[in-house]
Asks: 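Sharing a structure with you now.
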Amino acid sequence: MQPGATIAEAIRGASSSGRPALVAFMTAGFPGRARFAADLRKIGEAADAIEIGVPFSDPMADGMTIQRSSRAALAEGVTLAWILAELAALAKRPRAPLLLMSYLNPLLAHGLAKLPAEARAAGIAGFIVPDLPFEECADMRAALAGEGIALVQMVTPVTPQARLEMLARESQGFAYAVTMTGTTGRVVAVPDAALNYLDRVRAASAVPVCAGFGIRHAAQVARLSGHADGVIVGSALVEVLERGEDPAAFLRGLRGG
């Protein structure tokens, strides 16, 4: 099985239990480089897929929590090359498929020619690139496809229906359905309109649909059941790590147990 296909398989397998799969986000090297492997292992005990954030100086889609974590990781010298080397050196990788969440600049600076092979060697199954429009992703998509790595597409509540259908159809691994306009980290209730929007994305998508932005409570996860195949937990989990709490316990709590 190609690496990218393991993402959809893991999400579908977890969601078959009747609750959305948990896709956990962590900023690589935060709150400390020395903790990266241990935190990844703990998150892998409870998550169904893991997004590893590549620190960037201008994370435009992220709220204050992830901005703060990116600045701290950059100050400790965390780079894409360091992340790939750390992952490649792991004695035991999490069972959950790994994705890299990165803005485009670090990927281009690293070098698109060598990135896919290094990513596969590091155990990466997919990429999420928030500032790479679909119309400009052909080179990235083709390069990753050569190693069987997925490129996830993102849609939002204000994406026009025709474009939403195209992005959902073209997404690989899963379709990332942003649940609100704005940046990550804000706590919001899940209105009926958001559920209707997720139903539209699922109707158009051949891959699982995961809902992200603002997920931090079990009640939200339960509310999304039946409307999303998975939920993406980012800022709340970064804060758990920052406080030195158990990320696996937090994630299990989101499942209601």
Side-chain angles (χ1 to χ4, degrees), residues 1 3-26 40-51 93-99 101 125-126 128 150 152-157 164-165 167-169 171-180 184-240 245-257:
M1 180 180 293
T6 65
I7 303 169
E9 181 184 56
I11 292 169
R12 287 195 176 109
S15 64
S16 66
S17 66
R19 278 292 185 98
L22 293 180
V23 181
F25 173 92
M26 64 182 299
L40 181 64
R41 184 178 65 254
K42 290 177 183 176
I43 291 169
E45 292 173 5
D48 301 301
I50 304 172
E51 290 181 28
R93 294 192 177 115
R95 59 168 180 77
L98 306 179
L99 298 94
M101 169 85 161
I128 304 167
V152 174
Q153 302 295 329
M154 304 178 78
V155 297
T156 77
L164 180 150
E165 292 175 0
L167 291 171
R169 184 175 62 249
S171 194
Q172 301 167 335
F174 68 86
Y176 193 132
V178 176
T179 55
M180 61 184 180
T184 61
R186 294 185 292 127
V187 182
V188 294
V190 182
D192 288 344
L195 301 182
N196 294 335
Y197 149 69
L198 290 169
D199 290 343
R200 287 192 290 118
V201 182
R202 288 184 89 195
S205 181
V207 292
V209 173
C210 295
F213 285 38
I215 307 297
R216 57 175 62 231
H217 299 301
Q220 292 170 305
V221 177
R223 172 91 163 131
L224 291 166
S225 181
H227 302 276
D229 302 291
V231 296
I232 300 163
V233 185
S235 296
L237 182 57
V238 171
E239 291 165 7
V240 165
E245 298 170 1
D246 183 350
F250 169 73
L251 291 169
R252 292 188 186 105
L254 291 179
R255 297 186 195 274

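Note that these values count all heavy atoms, side chains included, but never hydrogens, waters or copies made by symmetry.
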Asks: I'd like to know whether Val238 forms a side chain to side chain contact (heavy atoms under 4.5 Å, CB included) with Met26, so could you lay out the CA-CA distance, the side-chain angles of the two residues, the decisive distance to 0.1 Å, and finally the verdict.
Replies: CA-CA 6 Å; Val238 171; Met26 64 182 299; 5.6 Å; no

Asks: Taking all non-hydrogen atoms of both residues, which atom of Ala228 and which atom of Ala211 are closest, and how far apart?
Replies: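 Scanning both residues, the minimum pair turns out to be CB-CB, 4.1 Å.
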
Asks: Does Leu99 form a side chain to side chain contact (heavy atoms under 4.5 Å, CB included) with Val152? I'd like the steps, not just the answer.
Replies: CA-CA 9 Å; Leu99 298 94; Val152 174; 3.9 Å; yes

Asks: Show the nearest heavy-atom pair for residues Gly253 and Ala218, with the distance to one decimal.
Replies: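 Result for this residue pair: O-CB, 3.5 Å.
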
Asks: Could you give the distance from NZ (Lys42) to CZ (Phe250), rounded to the nearest 0.5 Å?
Replies: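 Going from NZ on Lys42 over to CZ on Phe250, the span is 15.5 Å.
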
Asks: Nearest heavy-atom pair of Ala8 and Pro208: which atoms, and what distance?
Replies: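 Taking every non-hydrogen atom into account, CB-CD, 3.6 Å.
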
Asks: Taking all atoms of both residues into account, what is the closest heavy-atom pair of Pro94 and Gly44, and its distance?
Replies: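 Pro94 and Gly44 have their closest heavy atoms at CB-CA, 4.1 Å.
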
Asks: Please enumerate all residues that pass side chain to side chain contact (heavy atoms under 4.5 Å, CB included) together with Gln153, with sequence neighbours excluded.
Replies: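 So Gln153 forms a side chain to side chain contact (heavy atoms under 4.5 Å, CB included) with Phe134, Cys137, Arg141, Leu151, Leu167, Ser171.
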
Asks: Quick one: CZ on Arg216 to OG on Ser235, what's the gap to the nearest 0.5 Å?
Replies: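 OG of Ser235 is found 6.0 Å from CZ of Arg216.
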
Asks: Do Val155 and Tyr197 have side chains that approach each other closer than 4.5 Å (heavy atoms only, starting at C-beta)?
Replies: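 A side-chain contact under 4.5 Å exists here.
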
Asks: Rounded to the nearest 0.5 Å, how far does CD1 of Ile215 lie from CG of Leu254?
Replies: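 These two atoms lie 9.0 Å from each other.
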
Asks: Provide the closest heavy-atom pair for Thr6 versus Pro3 in the form atom of the first, atom of the second, distance.
Replies: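 Answer, listing the atom of Thr6 first, then Pro3: OG1-O, 2.5 Å.
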
Asks: Listed by chain and number, what are the salt bridge (Lys or Arg N to Asp or Glu O under 4.0 Å) partners of Arg223, not counting sequence neighbours?
Replies: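 Salt bridge (Lys or Arg N to Asp or Glu O under 4.0 Å) list for Arg223, sorted by chain: Asp192.
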
Asks: Nearest 0.5 Å please: distance from the CG atom of Leu22 over to the CD1 atom of Ile50.
Replies: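 Result: 11.0 Å between the selected atoms.
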
Asks: Backbone N or O of Thr179 within a donor-acceptor pair of the Thr156 side chain at under 3.5 Å?
Replies: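 It does not hold such a pair.
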
Asks: Can you list the residues that meet the side chain to side chain contact (heavy atoms under 4.5 Å, CB included) rule with Ala10, with sequence neighbours excluded?
Replies: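 By the side chain to side chain contact (heavy atoms under 4.5 Å, CB included) rule, Ala10 matches Pro97.
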
Asks: Do Arg255 side-chain atoms and Ala46 backbone N/O form a donor-acceptor pair below 3.5 Å?
Replies: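 Yes, Arg255 side chain to Ala46 backbone: donor-acceptor pair under 3.5 Å.
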
Asks: Please list, chain by chain and in numerical order, all residues satisfying side chain to side chain contact (heavy atoms under 4.5 Å, CB included) with Ala5, sequence neighbours excluded.
Replies: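 Scan of Ala5 (side chain to side chain contact (heavy atoms under 4.5 Å, CB included), adjacent residues dropped) gives Met1.
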
Asks: Taking the side chain as every heavy atom from C-beta outward, state whether Pro20 and Ser15 have any atom pair closer than 4.5 Å.
Replies: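 They are not in contact (no side-chain heavy atoms under 4.5 Å apart), so the answer is no.
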
Asks: Begin from the C-alpha positions of Val233 and Phe25 and carry the test side chain to side chain contact (heavy atoms under 4.5 Å, CB included) through to its verdict.
Replies: CA-CA 6 Å; Val233 185; Phe25 173 92; over 6 Å; no

Asks: Hey, is the main chain of His217 close enough, under 3.5 Å, to the side chain of Gln220 for a donor-acceptor pair?
Replies: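 Answer holds: yes.
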
Asks: Partners of Ala21 by side chain to side chain contact (heavy atoms under 4.5 Å, CB included), sequence neighbours excluded?
Replies: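 Scan of Ala21 (side chain to side chain contact (heavy atoms under 4.5 Å, CB included), adjacent residues dropped) gives Ile11, Ala14, Asp48.
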
Asks: So which pairs with a foot in residues 193-202 pass salt bridge (Lys or Arg N to Asp or Glu O under 4.0 Å), sequence neighbours left out?
Replies: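 Residue pairs passing salt bridge (Lys or Arg N to Asp or Glu O under 4.0 Å), neighbours aside: Arg202-Asp229.
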
Asks: May I ask you to test the Glu51-Val23 pair for a side-chain heavy-atom distance under 4.5 Å?
Replies: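 Glu51 reaches Val23 side chain to side chain.
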
Asks: Hey, what do you get for OH (Tyr176) to SG (Cys210), rounding to the nearest 0.5 Å?
Replies: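 If I round to the nearest 0.5 Å, the distance is 9.0 Å.
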
Asks: Give me the atom names and distance for the closest heavy-atom approach of Ala248 to Asp246.
Replies: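 Result for this residue pair: N-OD1, 3.0 Å.
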
Asks: Distance from Leu251 atom CG to Ile43 atom CD1, nearest 0.5 Å?
Replies: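 Interatomic distance, Leu251 CG to Ile43 CD1, rounded to 0.5 Å: 7.0 Å.
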
